[in-house]
Participant: 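Before we start, here is the structure in question, set down as structure tokens.
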Amino acid sequence: MPPAITADRLSKTFKVKVRDPGLKGALRALLKPRYRDVHAVRDVTFAIEPGEIVGFLGPNGAGKTTTLKMLAGLLYPTSGRVAVAGFAPWGGGPAFKRRIALVLGNRQQLVWDLPPEETFQLNRAIYDIAEPDYRERLAELVALLDLGDLLQKPVRQLSLGERMKCELAAALLHRPPILFLDEPTLGLDVTAQEAIRRFLTQYRERYGATVLLTSHYMQDVTALASRVLIINRGRLLYDGALAALVARISRTKRIELVLADGVTREVLAGFGDVKEFRFPNAVLEVPREDAATTSARLLAALPVADLSIEDPPIEDVIRAAFAGGIELDEP
Amino acid sequence: MGQWEDEFILDCGLRIADWRWRVEVQGNVRGSKRSLTIRNPQSAIRILAALWRLNLAEELQYRANFVASVLGTFFWIGTALLTLAVFFSHATRLGGWDYWEVVVLLGVFNALTGVIEAVLRPGIGRLAGEVRNGGLDLVLAKPVDAQAFVSFRRLDIWRLSDVVLGLTLAGYALHRLGHTPSLAQLAAFALALASAAVVVYALWVALMSLAFWFVSVENLSVLFDAVYEGARYPVSAYPEALRFLFVYLIPIAWTTTIPASALTGRLRPEIGLAAALVAGTALALSRLVWRAALKRYTGASG
Ligand SMILES: Nc1ncnc2c1ncn2[C@@H]1O[C@H](COP(=O)(O)OP(=O)(O)O)[C@@H](O)[C@H]1O
Ligand SMILES: [Mg+2]
């Protein structure tokens with residue numbers, strides 16, 4: 001089967017008017033506008049197989065949303081090629097749009113003053129869903145998302161989490177095989193985030209949908225996706241398994257210890273960087289290649305009840321990587 | 001006047017309908033996005049029905065809007081008539097039109113205003129803001145013709161009262177003129193009025209599409225109002241240069257002057273066909289502008 005999504009040297013450049021502050025700046029911008037190129041996405045290439053769920057990671061302004069919008073056919077690429085479900089998204093027309101769902105965490109399609117079901121009915125008309133199919137799918141989505149009696153309340157009375165669940169339902173009534181989700185858990189509390197993650201997992205298992213998901217909550221990605229794309233300043237820096245990423249970019253290992261009596265922080269500091277110390281538990285960080293020897297020395301020198309060697313938490317690795325300007329080979 | 005012309009117009013009408021139908025069908029076969037009409041009329045009607053039902057559900061909460069709308073219209077018509085009366089106390093003709101002829105035109109103007117306020121301003125009139133804040137994103141993700149969807153998504157039903165009042169005013173003025181239009185004149189009027197609505201629509205599309213180029217322009221509908229203001233009086237009342245502009249470049253002559261002239265018999269009924277041709281051209285051009293504009297859509301960040 002051909003890939004569900006391919007991007008080939010995809011780029012998007014925005015022309016942005018430059019404006020100096022103040023009245024004088026405004027006047028100058030009016031008379032003699034100057035433009036600056038913002039390279040939101042540069043030469044991004046990847047392919048996603050049908051049924052894959054891929055996390056799209058990157059700091060704010062990295063170009064995630066812009067890429068997603070090009071894949072969904074909203075934005076016209078400056079250069080490069082995209083294919084989604086065998087269509088060129090721009091100009092793919094209704095036949096293409098029926099195959100995708102686009103959920104943007106900061107845009108809303110539900111009509112504010114009316115219950116969500118009214119918007120669902122509109123989508124039923126737009127996607128031409130037969131009445132029995134509609135009933136069946138709605139019942140299923142209500143069960144999976146635990147919507148209960150939300151459908152009859154005006155949208156303005158729903159909480160943020162409830163609203164996002166209804167947004168997802170509205171976007172999935174036509175049961176698209178390809179999902180583009182941009183920050184679907186934005187601003188939600190932990191329980192709501194978990195509910196949405198659970199739902200996405202179940203939805204994908206049932207329908208084999210291909211999912212591309214951006215989020216800046218690392219848990220979303222670690223819980224859902226085994227593969228990640230990392231983008232920074234418009235460039236794709238990494239494409240591959242999450243676990244392999246950690247091995248590649250983290251130069252350290254964590255040694256987690258349970259200590260017996262009489263060990264102080266100062267003593268431990270002789271062996272490595274003490275990350276946590278709450279007796280009897282302690283965490284040391286050491287260079288990757290020294291992990292084994294340091295462990296042996298610890299066991300020999302100190303009263304250790306338990307010891308394990310771990311990779312640092314993915315969140316920390318990625319955050320550190322972004323902060324330090326990631327050094328990764330081109331994927 | 002009479003038999004022959006009626007048949008001629010009818011025949012042309014049928015032929016145009018037939019031709020349109022063929023364009024639609026061909027567009028369908030090729031699956032091309034380029035056909036001008038919405039390809040599947042059935043689905044378009046279904047979507048419109050759903051949209052307007054939604055709208056009505058919202059609107060019904062505000063029944064006071066109806067009263068406000070009707071009162072507003074009466075007030076507007078009153079002021080307009082008064083202005084005319086003041087003018088005609090000094091002159092007997094305005095651009096060669098006498099008082100009641102101009103009132104017919106005023107009626108047409110008001111009927112079109114109703115269409116604008118009921119459908120266009122609340123629909124495509126919001127486009128500029130949505131280009132700015134990215135509100136268009138979710139429309140573009142849907143399997144609909146974005147132009148049609150954006151244009152006809154709303155129906156502020158109360159404002160349709162303007163259409164009724166406007167046509168009533170035109171009818172009354174016609175009566176005062178002592179003119180009973182022939183069938184051909186009525187048909188030409190109907191065609192010219194429908195064309196006028198299309199021309200007005202095309203003007204909105206073209207103006208609103210500017211939002212894609214000049215993202216920071218807040219209120220493009222003001223631009224439309226300024227232009228449309230010119231349609232309040234017969235084009236013959238304007239100096240030569242403006243007249244040329246209104247007939248050929250910014251075709252607002254076709255919005256009120258032509259339908260009113262067709263009704264009063266000032267112009268021969270064939271003008272209805274010319275109006276239809278102008279409307280078709282305007283629509284096609286607006287479509288081209290829209291398509292060019294959409295390519296420039298950048299949305300808002302985030
Ligand atoms: N419509 C736009 N006009 C101008 N610049 C934009 C626009 N949309 C995004 N950008 C810029 O492009 C870059 C990428 O933005 P975006 O794709 O929204 O990033 P992300 O979703 O990863 O946070 C940012 O520098 C942003 O300022
Ligand atoms: Mg974003």
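Every chain is numbered from 1, with letters handed out A, B, ... down the list of sequences.
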Participant: Quick check for you: to the nearest 0.5 Å, what is the distance between B:D137 atom CG and A:Q108 atom CD?
Facilitator: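 Between B:D137 CG and A:Q108 CD, I get 13.5 Å after rounding to 0.5 Å.
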Participant: Side chain to side chain contact (heavy atoms under 4.5 Å, CB included) for A:W90 and B:L294? Distances and angles first, verdict last.
Facilitator: CA-CA 10 Å; A:W90 177 267; B:L294 208 53; 4.1 Å; yes
Participant: Evaluate the criterion side chain to side chain contact (heavy atoms under 4.5 Å, CB included) for residue pair A:Q121 and B:L54; output intermediate values, then yes/no.
Facilitator: CA-CA 9 Å; A:Q121 286 288 353; B:L54 209 85; 5.9 Å; no
Participant: So what's closer than 4.5 Å to chain B heavy atoms on A:N123: side chain, backbone, both or neither?
Facilitator: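 Answer is side chain: those atoms of A:N123 sit under 4.5 Å from chain B.
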Participant: Can you tell me how far the NZ atom of B:K142 sits from the CD1 atom of A:I100, to the nearest 0.5 Å?
Facilitator: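 The distance works out to 10.0 Å.
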Participant: How close do B:A141 and A:Y127 get, counting heavy atoms only, and between which atoms?
Facilitator: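 What the structure gives for the nearest pair is O-OH, 4.3 Å.
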Participant: Give a yes or no on this: more than 12 heavy atoms of other residues, nucleotides or ligands lie within 6.0 Å of atom CZ of B:F74.
Facilitator: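 Incorrect, the count does not exceed 12.
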Participant: Could you have a look at A:T66, A:I126, A:L186 and say which one has the most heavy-atom pairs with chain B under 4.5 angstrom?
Facilitator: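 Looking at each of A:T66, A:I126, A:L186 in turn, A:I126 comes out on top.
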Participant: Heavy-atom count around B:L71 CG within 6.0 Å, excluding the residue itself: above 12?
Facilitator: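 More than 12 heavy atoms, drawn from other residues, nucleotides or ligands, come within 6.0 Å of this atom.
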Participant: Enter the distance from B:L140:CG to A:L102:CG here, rounded to the nearest 0.5 Å.
Facilitator: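 Taking CG in B:L140 and CG in A:L102, the distance rounds to 10.0 Å.
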Participant: Measuring from atom OG1 of B:T298 to atom NZ of A:K15, what distance do you get when rounded to the nearest 0.5 angstrom?
Facilitator: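 It comes to 12.5 Å.
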Participant: Looking only at heavy atoms and a cut-off of under 4.5 Å, which of A:R99, A:Q109, A:E183, A:K64 has the most pairs with chain B?
Facilitator: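 Maximum pair count with chain B is reached by A:Q109.
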Participant: Rounded to the nearest 0.5 Å, how far apart are CG of A:L74 and CG of B:L138?
Facilitator: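 A:L74 CG to B:L138 CG: 8.0 Å, rounded to 0.5 Å.
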Participant: A:V103, A:L75, A:T119: which one forms the most heavy-atom pairs within less than 4.5 Å of chain B?
Facilitator: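 Top count of heavy-atom pairs under 4.5 Å with chain B: A:L75.
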Participant: For atom OH of A:Y76, decide whether the heavy atoms of other residues, nucleotides or ligands shown that lie under 6.0 angstrom number more than 12.
Facilitator: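 Check fails, neighbour count at 12 or below.
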Participant: With a 4.5 angstrom heavy-atom cut-off, is it the side chain or the backbone of B:R296 that approaches chain A, or both, or neither?
Facilitator: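 Neither part.
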Participant: Please report the closest heavy-atom contact between B:R46 and A:A125, naming both atoms and the distance.
Facilitator: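 Answer, listing the atom of B:R46 first, then A:A125: NH2-O, 2.9 Å.
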